[in-house]
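Structure, as structure tokens:
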Amino acid sequence: MLTLEGLELAAGEFRLRADWALGVAPVTAVIGPSGGGKSTLLSAIAGFLPPQSGRILWGAHDVTQAAPAARPVSMLFQDNNLFPHLTAAQNVGLGVRPTLRLMAGEVEKVTEALRVVGLADLQSRKPGALSGGQQSRVALARVLVADRPLVLMDEPFSALGPGLRHEMLDLAQSVLAGSGRELMMVTHDPGDAQRVADQVCFVDGGIAQPPVATAAFFDQPTQALRDYLGDGV
Amino acid sequence: MARRAVAIALEPRWPGAVAAGLVVFLTLGTVVAVGWRGGRELGGTDWAAVRFTVVQAFVSALLSVLFAIPVARALARRRFFGRSALITILGAPFILPVIVAILGLLAVFGRSGVVNVGLEVLGLPPVSIYGFQGVVLAHVFFNLPLATRLILQGWLAIPAERFRLAASLGAPVRRVLEWPMLRAQVPGIFVTIFLICLTSFAVALTLGGGPRSTTVELAIYQALRFDFDLAAAANLAVIQFVLCGLAACLAWWVAVTHALGAGLDRAVQRWDSGGMSRVWDAVWITLAAAFLMVPLVMIVWRGVGGLAEMPTTVWVAAGRSILVAVLSTLLATGMALMLALRGGFWAGAGAALPLAASSLVMGTGLFLIVFPYARPSDLALIVTALVNAVMSLPFALRALIPAANSLREDYGRLSRGLGLTGWAYVRIVAVPRLRRPLGFAAGLAAALSMGDLGVITLFAADAQETLPLAMYRLMGSYRMDAAAGAALILVAISLALFWIFDRGGRLGADA
């Protein structure tokens, strides 16, 4: 379980504070206005941005100083989630072993993950020969084989059309969340949050609010949320 | 991104440090080794060499830039058949072995060359290619194309809309558009060429000489090779280093523009270029093309006839040269890759220091270091490969540093997140993603090393003769036909090596 303890982040002039525990929920949506700090928060949890102060805990373990790959975290970025010169199977294989020297059992694991995301026949294609949706599936398969307990998604599907994006979110929810894994996903779209998230974390004004159950969050909106959502909601 | 040192480096750190150390040792350490031995008072001939070096470099740079301006303008505003071929050929002198070009120039401007034959027919006195004017001529041959390409880049960087605006306002294009561009570009280009001419050795070796036209580099060579005067060589090496250092500081100060750009194949539509300017442009383009092409054609023409005249030792020398070139390419490419991946200050140092260094100074320093322990000729080929590798680093790094930076930008977080660091990062990410610039860098390093006639002249006995050295010795014994044959082979191997490596980088590279 993730705990942010008196966390203070700084990126240039920008400051962000967070002080809460994620709780046990399969999917948490992180929403808020652009430039509010959603990506900054995920970067810090993944280990790409060292905090100014405070601690990041996983269970009882302090992972504040740990290298990104040594954290219990997999992350999907907005873009560049796949290496264009490696095949789908190789890209997924990196999640098992970053040296790509796989044992027989591990090769099967990769094949199985590609089958689960529906790409059994396209293992040896390179990303350039895959559609946007298929590329997303490869990235999801890699997160699946990496098998880390916390998955961070920084709008990896934002370049896809709405239909395809919903399909991917559903796939991420069904394949990744649950079975002990937790998903934190950044989104601009309240609809996405309501579609898949169990709880919502609102990030604005330099503060990442503690997560609130999705239904309660949208039923009793705060003033800041009303400003963000605009009229008509 | 990361402010504090939490982030683990993507690349293995020590190879970049070793490469940086090697660059510093070869460029600065050798000067210290040389300075240690110095101590003799500088004599009149030393100062004459300094004066000649500076004056010839200044005049060469000045003429190259002055002639380049009208040629570049003509290329910028005219479209004609063979234009892109001509622009490609403008890039050729960079990888053309110096000694080959000199043979070509001799065939045109030499004692029995085309020009003097023509003058004799007209009853005019012959011109000499030796001495000051010969050194300047050769330097202009090499640097006019470079200057033209760089200035052409400046011209084509002026947005087409500005020319349209100037035309609609009736504003003088020359004053409002061209002059500001030239004022921004030309000083940097001038200093770059000045620096190149300051350190050029093979030109002075073949066309200079004698008390009145000896460069500092040539004087170092003579002190070591003929007089075996280590103290004199050491003094001269320090002078050369100071000269280059000053020029490099000057270059730093005027912010040198960079050479290897693309997108030279468009001509800007202009509204100020009718009438006489059309004629002048044609004249400049024709003259420049002839100046470049005729010596090249003569090499091929004479070379084909000379192939049969060549002693078999030339083939052995060619094999040796290929070996040295391949070794040098591996060293240069490896060092450049590790420095580029490391990035930052040391990558910049690797790209800048060798520009100010002279290969003869490096050679002298290594000579002095090695001399007490081993016969210099035993190490001639390895030293040559190493020095050539370091000398080609600036060009290799110019291609690799931007590519390595954007690789870090695009895939650094993904790689770190996956734990794809160290040698796995080099093997799985860096080498495949950087194939194109690596291939280009390797091609340049191979061609430069293949054609080098510098440090090898200090060390080599017969058993270490490289192809450029064999060719030089054939020229020295007036076996010009055999030398032309060797030149043809040399230029063919140089171009082939460049092509193979550059092509190898492109083949199967994913966008």
Side-chain angles (χ1 to χ4, degrees), chain A residues 9-12 39-40 42-53 56 63-71 73-87 90-101 125-129 139 142-143 145-146 148 151-152 154 156, chain B residues 1-13 15 337 340-343 400 402-442 503-511:
Chain A
L9 307 173
S39 296
T40 310
L42 261 62
S43 279
I45 297 170
F48 298 114
L49 180 72
Q52 297 294 101
S53 62
I56 300 171
V63 296
T64 318
Q65 302 297 325
R71 299 185 181 212
V73 171
S74 283
M75 183 156 176
L76 291 177
F77 307 98
Q78 259 183 20
D79 42 29
N80 293 329
N81 281 307
L82 302 178
F83 291 106
H85 61 285
L86 301 180
T87 63
Q90 285 175 315
N91 267 296
V92 175
L94 286 172
V96 184
R97 218 177 257 274
T99 56
L100 274 185
R101 298 198 168 106
R125 293 250 187 116
K126 290 183 180 180
R142 191 183 59 222
V143 174
V145 297
R148 306 282 172 99
V151 179
L152 306 176
D154 190 1
Chain B
M1 216 189 326
R3 295 261 175 120
R4 281 184 282 156
V6 172
I8 293 177
L10 281 171
E11 76 289 349
R13 300 295 281 174
L337 175 66
L341 288 181
R342 199 183 156 104
L400 274 169
N405 285 345
S406 54
L407 183 67
R408 203 177 303 125
E409 194 92 337
D410 291 345
Y411 295 106
R413 295 210 304 179
L414 176 60
S415 304
R416 281 207 179 90
L418 291 168
L420 187 50
T421 54
W423 289 109
Y425 175 74
V426 175
R427 175 170 60 89
I428 296 172
V429 182
V431 170
R433 297 304 303 153
L434 298 175
R435 271 183 74 155
R436 276 159 180 271
L438 273 174
F440 178 72
R503 184 83 193 146
R506 288 162 199 263
L507 267 185
D510 296 286

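We name chains A, B, ... by the order of the sequence lines, and we start the count at 1 in each one.
Within a 6.0 Å radius of CD in A:Gln78, more than 12 heavy atoms belonging to other residues, nucleotides or ligands are found.
Proximity to chain B (any heavy atom under 4.5 Å) is restricted, for A:Arg142, to the side chain, taken from C-beta onward.
Considering only heavy atoms from C-beta on, B:Arg413 stays 4.5 Å or farther from A:Pro68 through its side chain. Side-chain atoms of B:Tyr425 and A:Pro98, non-hydrogen and from C-beta on, never get closer than 4.5 Å to each other. A:Asn80 places none of its side-chain heavy atoms less than 4.5 Å from the side chain of B:Leu414.
Summarising the geometry of B:Pro432 relative to A:His85, their closest heavy-atom pair is CB-CD2, 3.2 Å, with the distance given to 0.1 Å. Taking every heavy atom of both residues into account, B:Leu418 and A:Ala69 meet most closely at C-CB, 4.0 Å.
The structure places CZ of A:Phe83 at 8.0 Å from CG of B:Leu407, a figure rounded to the nearest 0.5 Å.
Looking at residues two or more places apart in sequence or on another chain, you find no side-chain contact (heavy atoms from CB on, under 4.5 Å) involving A:Asp79. Here A:Ala139 pairs with A:Leu76, A:Asn81, A:Leu82 under the side-chain contact (heavy atoms from CB on, under 4.5 Å) rule; sequence neighbours left out.
Checked options A:Leu94, A:Thr99, A:Leu100; the residue passing with B:Leu420 is A:Leu94 (criterion: side chain to side chain contact (heavy atoms under 4.5 Å, CB included)).
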